[in-house]
Amino acid sequence: MTDSPEAPDSCQRISLKIGGMTCAACAANVQKALSRVEGVSEAAVNIATEQAAVLYDPEKAAKSQLEQAVKDAGYYVIDRAMSAELERISKQKEIRRQKAKLIVALCFAVPVFYIAMAPMIPFVALPYPATLHPDLHPELFALCQLVLVLPVMGVGYRFYTGGYSALFRLSPNMDSLVAVSTTAAFLYSLYSTIRILLFQEGHLAHHGLYFESVAVIIALILLGKFLEARSKGKTGEAIRALMSLAPKTARILRDGQELELPADEVLRGDRVLIRPGERMPVDGVVNEGRTAVDESMLTGESMPVEKNPGDKVYAATINKNGSIVYTAERVGEDTALSQIVRMVEEAAGSKAPIAHLADRISGIFTPAVMAIALAAALIWYFVKGDLEFSLTIFISVLVIACPCALGLATPTAIIVGTGKGAQLGVLFKNAAVLQATHEIHTVIFDKTGTITQGQPALRDVIPYGIEKAELLRLAASLEKSSEHPLGQAIVASAEEQGLDLLPAEEFLAVTGSGVEARISGQTIKIGNPAYVLGEAAPPPEVRSLAKMGKTPMLLSADGALKGILAVADPIKETSREAVARLREMGIETVMLTGDNQQTADAVAREAGIDKVRAGVLPGGKVEVVNHYRRASHLTAMVGDGINDAPALTAADVGIAVGSGTDVAIESAGVVLVKNNLMDVVTAIRLSRATIRNIKQNLFWAFCYNTLGIPVAAGLLYAFGGPLLNPMLAAAAMSLSSVCVVTNALRLNRFQG
C-alpha cells in the first residue's frame with residue numbers, strides 16, 4: 001500500500017478482479033504497478049481473493065489506465081460483470097483444467113522417475129528392460145527420458161511463459177524460480193545427452209541426467225497448485241452460500257397482470273406476489289395478506305415471524321404459510337442480503353495490518369532467493385569443482401523457496417474467518433477491524449436498546465385494598481387515551497391478560513406529572529407521587545422500586561390510593577450471559593446512559609456490568625470512549641441508536657446491533673445481525689481464532705523457508721549431513737501451501 005498523507009475528497013475506491021496471479025510475488029508486482037499510476041492514493045492486492053482494492057482520483061487517473069497498468073505488469077483484469085454463477089463455473093473449469101494437466105504430468109513423470117531411479121536402487125531387483133539400462137544402452141536411457149519429459153514441460157508451459165516474462169521485467173515471481181531451476185536442469189541434462197550420443201561418454205555422462213528431476217518437480221508443483229486451487233475454492237463457500245439464498249425470479253403484479261421476471265429486474269414500487277414456501281426476491285413492505293416468515297438466514301431466530309400489512313419483509317427469507325402481496329422498497333444491490341454479501345466480500349478482500357509484514361517480505365523474497373541460489377551454487381562449485389553437485393544445490397534452493405505459503409498465510413484465514421462470521425450473524429466490515437477485535441480490553445455498552453430491550457414493560461402491580469386485575473384494568477382504561485410510552489406499556493400488559501377496558505371521560509394529561517379521567521363515576525388519577533398524593537408521603541415501596549431502576553406510578557380513585565404500578569425497560573435475555581462471558585475473557589465492561597444514576601446502577605447490577613456512566617449526552621459518550629482509549633485500552637463501543645454513531649466511530653472497534661439505525665450500522669466496523677449481545681462474545685472469539693490461525697500460518701511459512709533454504713543450500717551437507725534432493729524440495733514446497741490453506745479452513749469448524 002502506498003503511503004499518502006491524506007487522500008483527496010474527490011478520490012473513489014474501485015475493486016478490480018485480477019487474473020494471471022500465481023503467488024504472493026505476483027500480488028506484490030500488481031500492487032506496485034497500480035501504485036505507480038498517477039492519482040492512485042492506495043492500492044492493496046489480495047492473492048487469495050484475486051482482487052485489487054484501489055483508491056484513486058478520477059480527475060488524474062481513469063479506470064482504463066489502471067487496467068493498462070495491470071496488463072503492463074503481465075496480468076489482466078477480469079470483467080466484473082461476470083455473475084457469481086459464471087465465476088463459479090469459471091473456477092470449476094480452471095480446477096478441471098489443472099487436474100487434467102496434473103494427470104498428464106503424472107502419466108509421464110512416473111515413467112521418467114522409474115527409468116532414471118530403478119537401476120540405482122541397491123539390493124532391490126526391480127523389473128527393468130535391458131534395452132534401457134544405462135550401463136548397456138546409455139543412449140536409449142537418455143533419449144527415452146528426453147522424450148518423456150517434454151510433455152511434462154509442455155503442460156507446465158505457464159511456469160516458463162509467466163516466469164521468464166516476470167524475470168525480464170525485473171520482478172521475478174514463483175514461476176520464475178520454477179522456470180529457472182527446471183530450465184537449468186533440462187539444459188544440463190540435454191548437454192549430457194549430447195555427450196552420450198556424440199562422444200560415447202555413456203558411463204560418465206548418464207549420471208548428469210536430471211530429466212526425472214524436471215518432470216517430478218513440475219508434476220509435484222502442479223499437484224500443489226491443484227490442491228491449493230481446490231482448497232481456496234472452499235474459502236469463499238460462505239459468500240456463495242449467502243448469494244445463492246436469493247431466488248432468481250420474482251412474480252409481480254403490473255397493470256392487473258401477473259408477470260414472472262428475473263429478480264434483478266424488479267423495480268422499486270413493484271407489487272410482489274409471494275405464495276407459501278417461496279423466498280422473497282427483494283425487500284419491501286406487506287400490503288395484503290398475513291403470513292409467517294422464516295427470517296433465520298438474517299436473524300438466526302428459528303421461530304417464524306408473523307407478518308401483517310405494514311410489516312417489512314426481506315429478500316431470501318422464506319414465506320411459510322400464507323400468500324401475501326408486498327411493495328418492493330429495496331431491490332438489486334440495495335437489499336439487506338446484498339449489503340451483507342458486499343460487506344463480507346469487502347472484508348475478505350481487504351488486508352489486515354498483520355498482512356503487511358508478509359507482503360513486504362514476499363515482494364523482495366524471490367530476487368533474494370535467486371541470489372542465494374546462485375551464490376550457493378558458485379561456492380560449492382569452487383569448493384568441490386563438481387558442476388552436477390552445484391546444479392543440484394541451485395535447483396533445490398530455487399524450488400524449495402517459493403513463497404506461496406507466505407503469501408497465502410493471511411488472506412486465506414481472513415476469507416474463511418469473515419465468511420464464518422457472516423454465517424453466524426457477525427459481519428466484519430474489513431480485515432483491520434477483524435484484527436483489532438481480538439485485542440479488545442474494554443467493551444462499552446449503550447443501555448437503551450442494547451443492554452435493555454428498548455421498550456418499557458410493566459414489571460410490578462401492587463394493589464391496596466383492590467384486586468390486582470382491577471387495579472390494572474383501571475390504569476389501562478385511563479392510559480388508553482395517553483400516548484406516553486409508560487402508559488402504553490400498562491395498556492399492552494392489560495391486553496395480554498385479556499382484560500376488558502372501561503370507557504374514560506373528561507381525560508386530562510398534565511405534562512411530566514400524570515393523567516386523570518372519570519371512569520365508572522370515579523375520578524381516577526395516575527402519575528408520580530406528587531401529582532397523585534400531593535403533600536402526603538408516598539408508601540415505602542415507591543423508594544424501593546426506584547432503587548431497582550423502575551419507574552413507579554401511583555393510582556388513586558376519588559383521592560384514595562389504590563395501588564402502585566412500576567414500569568421498566570427490561571434487559572435482554574442475553575445481556576447477563578454476554579457480560580459474564582466477557583468478564584471470564586478478562587474484558588472490562590462499562591455501561592453508558594443518559595438515564596439517572598439510580599436507574600443506571602440498577603440495570604448494571606442486573607446485567608453484571610463493572611462500571612456505569614450515567615447522565616451522559618451523545619457528545620459525552622465520545623469523551624468516555626476517548627478516556628478509555630487514552631488509558632491504552634483497546635476499546636469497543638456497542639450501540640444501536642443515532643446518538644451512538646459518534647461514539648461508534650470514535651472507538652477502536654464500533655459494534656452496531658443489527659436492529660439499530662442505519663446511521664449506527666454505517667458508523668460501526670462490526671454489525672451484529674441477530675440483535676443478540678452474545679454475538680459480541682462471538683465476534684471477539686472469532687477474531688481471536690482467526691488471528692491465532694494467521695499467526696500459525698505465518699509461523700510455519702517463515703519456519704519452512706528459514707529452515708528449508710539453508711538445508712537446500714547444503715549447510716547440513718557441509719557438516720556431514722544429508723543433501724536435499726530437488727524432487728523432495730518440490731514436494732515440500734507444494735505441500736507447505738496446501739497445509740497453510742488447510743489450516744485456514746479449520747476456522748469453518750468454529751462454533752459461536
Side-chain angles (χ1 to χ4, degrees), residues 46 48-49 230-245 296-302 340-341 343-352 354-355 408-440 443 574 577-578 580-582 584-587 634 636 638 653 655 657-658 668-701 738-752:
N46 190 317
T49 59
R230 195 170 64 173
S231 297
K232 281 169 64 179
K234 295 178 182 178
T235 59
E237 284 180 355
I239 297 175
R240 286 192 291 275
L242 284 172
M243 296 175 70
S244 67
L245 291 174
S296 58
M297 53 76 57
L298 274 180
T299 65
E301 299 297 334
S302 57
I340 290 173
V341 170
M343 201 179 296
V344 175
E345 285 181 329
E346 288 174 354
S350 62
K351 286 189 176 181
I354 198 173
L408 290 168
T410 301
T412 48
I414 293 293
I415 294 170
V416 179
T418 52
K420 187 64 181 179
Q423 289 180 336
L424 297 172
V426 178
L427 304 180
F428 294 94
K429 288 191 176 179
N430 56 62
V433 170
L434 176 62
Q435 179 174 337
T437 302
H438 92 284
E439 297 178 316
I440 288 174
V443 176
T574 58
E577 183 182 359
R581 293 285 294 278
L582 289 172
E584 288 173 7
M585 295 163 68
I587 296 173
L634 197 79
V638 186
V653 178
I655 303 177
V657 178
V670 182
V671 178
L672 309 181
V673 176
K674 294 186 290 188
N675 193 19
N676 183 340
L677 284 191
M678 278 300 297
D679 285 342
V680 175
V681 178
T682 299
I684 296 172
R685 289 184 61 242
L686 178 59
S687 173
R688 290 180 175 180
T690 303
I691 298 304
R692 185 166 57 247
N693 192 281
I694 290 172
K695 289 179 178 178
Q696 291 168 354
N697 287 346
L698 288 173
F699 172 80
W700 288 114
V738 177
C739 288
V740 163
V741 177
T742 303
N743 186 49
L745 290 173
R746 289 193 308 111
L747 286 170
N748 280 318
R749 299 205 298 264
F750 177 86
Q751 299 295 322

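Because only heavy atoms are used, hydrogens play no part in the values below, and waters and symmetry mates are left out as well, while side chains stay in. Here the structure is a predicted model, which means the values were calculated and not measured.
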When rounded to the nearest 0.5 angstrom, what is the spacing between [atom1] in [X] and [atom2] in [Y]?
{"X": "Asn693", "Y": "Leu698", "atom1": "CG", "atom2": "CG", "value": "10.0 Å"}
{"X": "Arg692", "Y": "His438", "atom1": "CZ", "atom2": "NE2", "value": "10.0 Å"}
{"X": "Ile440", "Y": "Ile655", "atom1": "CD1", "atom2": "CD1", "value": "5.0 Å"}
{"X": "Lys420", "Y": "Thr682", "atom1": "NZ", "atom2": "OG1", "value": "11.0 Å"}
{"X": "Glu439", "Y": "Ile684", "atom1": "CD", "atom2": "CD1", "value": "12.0 Å"}
{"X": "Ile691", "Y": "Thr437", "atom1": "CD1", "atom2": "OG1", "value": "8.5 Å"}

Closest contact, heavy atoms only, [X] versus [Y]:
{"X": "Arg685", "Y": "Gln751", "value": "NH1-O, 3.1 Å"}
{"X": "Thr690", "Y": "Ala413", "value": "CG2-O, 3.6 Å"}
{"X": "Leu686", "Y": "Phe428", "value": "CD2-CE1, 3.9 Å"}

query = How would you list, by chain and number, every residue that makes a side-chain hydrogen bond (donor to acceptor under 3.5 Å, both in side chains) with Arg746, sequence neighbours excluded?
reply = Gln696, Asn743
ask   = Is the backbone of Ala683 close enough, under 3.5 Å, to the side chain of Ser687 for a donor and an acceptor to pair up by distance?
value = no
key: Flag side-chain contact, heavy atom, 4.5 Å: Asp679 against Leu424   = no
